[in-house]
There are 2 protein chains.
Amino acid sequence: MHTIYKTLRSNSYSVPCELCSIGGLCIPMLLNNSLSDVLERKKSYLKDEIVVKSKTPFKKFYIVHSGALKTFVTTPENTEQINGFYLPGDIVGLDSISTKVYNSNIQTLGNTLLCELYYDELMSLIDSNKDVRDLIFKLLSTDIYNYQKLILCYSQKKSEERLATFIYSLYLRYQQRGHTSLNIKLAMSRADIANYLGLTIETVSRNLTKLQEQNILTAKGKFIYINKLEALIEICN
Amino acid sequence: MHTIYKTLRSNSYSVPCELCSIGGLCIPMLLNNSLSDVLERKKSYLKDEIVVKSKTPFKKFYIVHSGALKTFVTTPENTEQINGFYLPGDIVGLDSISTKVYNSNIQTLGNTLLCELYYDELMSLIDSNKDVRDLIFKLLSTDIYNYQKLILCYSQKKSEERLATFIYSLYLRYQQRGHTSLNIKLAMSRADIANYLGLTIETVSRNLTKLQEQNILTAKGKFIYINKLEALIEICN
DNA sequence: CGTAGCATTGAGTGCTATCAACCCCTGTGG
DNA sequence: CCACAGGGGTTGATAGCACTCAATGCTACG
């Protein structure tokens, strides 16, 4: 037992993989035998820490072990635009394969543990292991599919529907990771949600109270409890 | 000469690859030696023809040779939502690698020639040819990057900025294919543009006239001439 | 030449942004 | 233990942008 821990365990601040909350969805675990040497073990980051600056050379993917990340770009007017949230099990950096640089800034939303997966080594692994190849293709393709759905959300939906879709998608993502609870703890602030959804803080807040008045959910700070899942889905369309 | 034509030439309704307007950007041409046997040659489609229905099994990618495509999904209320336009040289179906079905309907915007690229055969080619592997990864990754930019456009920009961004992106895409002209011929209707941008036909029309009043461009039916490229870019932010 | 479909223009309404005030929770220092 | 300050979040009033509905103009095609 101790020896297993030793091989899988990483630097300080990290936890053994056996206790990782992600379980079967963790890419490193899925491909444990072949990937273990490609992965630097987990590294710890503090809340609001910048992990990567936009436009710096792309060398490795980051996989969220615990905590959460946001990615954002800064517009010419120096405003921040969030284009993604990443929860445990999510991989960041797929869009950098073509550009060779990170296209966004990557920042932690709370204290966070990240696994690192080197691009070059992953590529050579792909040539020797069809499972890895298929997995990476699937990840890329899923990313595209998700972005398509997100675009649909933006281009068609009103503020209430956008927020409902956002909350429901968080619920689904947690569910995929084995957390079937209707309780959701938001990793991000209202400002981050508003920014991401292309709305203002006030509109997000107003729609949250609106959803509470309909008794669809209960929001208390960063905690959200879904009372009527069906009704929430109904609003998402 | 005749024999070359014979090998590259396809079914009826198609043109020889040597005369293809796409030139070096055509994937089949780029990977000519290895891919020629993977590709069924060009097939012809009429205007507004449905090439693929959503949810049908995914077997092959489509590459636009000439003409143009749109992809769209139908919402539960039976309204159409366009999520992509595809110009000569573009490949359609990357998002289907993970889902194994086509996620959108694919429809022609005018008379169109399409090359077909079988998924299974491409995959085996990837194992034997690193260039193919890298190309496909790059295509997938570029797709993701483009979607990220599109999402940014939707979530932040006002109608005028969205339209400007749309026109400018068309200009850039044609430029990448060697058409450096400031003249653009729209393959799609105002309704399609509006649908894609999450706006109404009226708003698109009003913004077009607004851009003309500023003398930034001239719009005449499906033809758009960019008078002040710098000013157009300025509006895009 | 006439019709059908696409595109433009106009008037009025509604949704979301903006600006501003207030609330609540947390942490800090007296 | 309380007072206070500060940040995040909520609520309210107003303004502006984009949608809706409606009418008219344009163009392609038989």
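Chain A is the first sequence line, chain B the second, and so forth, proteins listed ahead of strands; every chain is numbered from 1. The structure displayed is predicted, hence computed values, not measured ones. Computed over heavy atoms, backbone and side chain alike; hydrogens, waters and symmetry mates excluded.
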Checklist line | Interatomic distance, B:I193 CD1 vs C:dT8 P [rounded to whole Å] | finding: 9 Å

Check: When you check the gap from the basic side-chain N to the acidic O, do A:K70 and A:E80 get nearer than 4.0 Å?
Finding: yes

Checklist line | Nearest-neighbour nucleotide for the B:R206 side chain, D:dT10, D:dC19, C:dG10 considered | finding: C:dG10

Check: Quick one: the side chain of B:R190 and the base of D:dT27, do they pair up donor-acceptor inside 3.5 Å?
Finding: no

Next item on the list: Report which part of the nucleic acid A:L208 touches: base, sugar-phosphate, or nothing (heavy-atom distance under 4.0 Å, all strands).
Entry: nothing

Checklist line | Interatomic distance where CZ belongs to A:F223 and P belongs to D:dG9 [whole Å] | finding: 13 Å

Check: Would you call the rings of A:Y154 and A:Y196 parallel, tilted or perpendicular if under 30° counts as parallel and over 60° as perpendicular?
Finding: perpendicular

Item checked: Out of C:dT16, C:dT8, D:dT10, whichever nucleotide has its closest atom nearest the side chain of A:T203 -> C:dT16

Next item on the list: Can you figure out which of D:dT20, C:dT18, C:dC15 approaches the side chain of A:E202 most closely?
Entry: C:dT18

Check: Between B:N195 and B:I82, is there a donor-acceptor pair closer than 3.5 Å when you use the side chain of the first and the backbone of the second?
Finding: yes

Next item on the list: Keeping the roles fixed (side chain from B:T142, backbone from B:K138), state whether a donor-acceptor pair exists under 3.5 Å.
Entry: yes

Checklist line | Distance, rounded to the nearest Å, where A:D192 contributes CG and D:dG9 contributes P | finding: 9 Å

Margin query: Once you apply a heavy-atom cut-off of 4.0 Å, does A:K222 come out as touching a base, just sugar-phosphate, or nothing?
Written below: sugar-phosphate

Next item on the list: State whether A:S189 places a side-chain N or O below 4.0 Å from either non-bridging phosphate oxygen (OP1 or OP2) of D:dG8.
Entry: no

Checklist line | Proximal nucleotide (of C:dT18, D:dT10, D:dG9) relative to the A:T200 side chain | finding: C:dT18

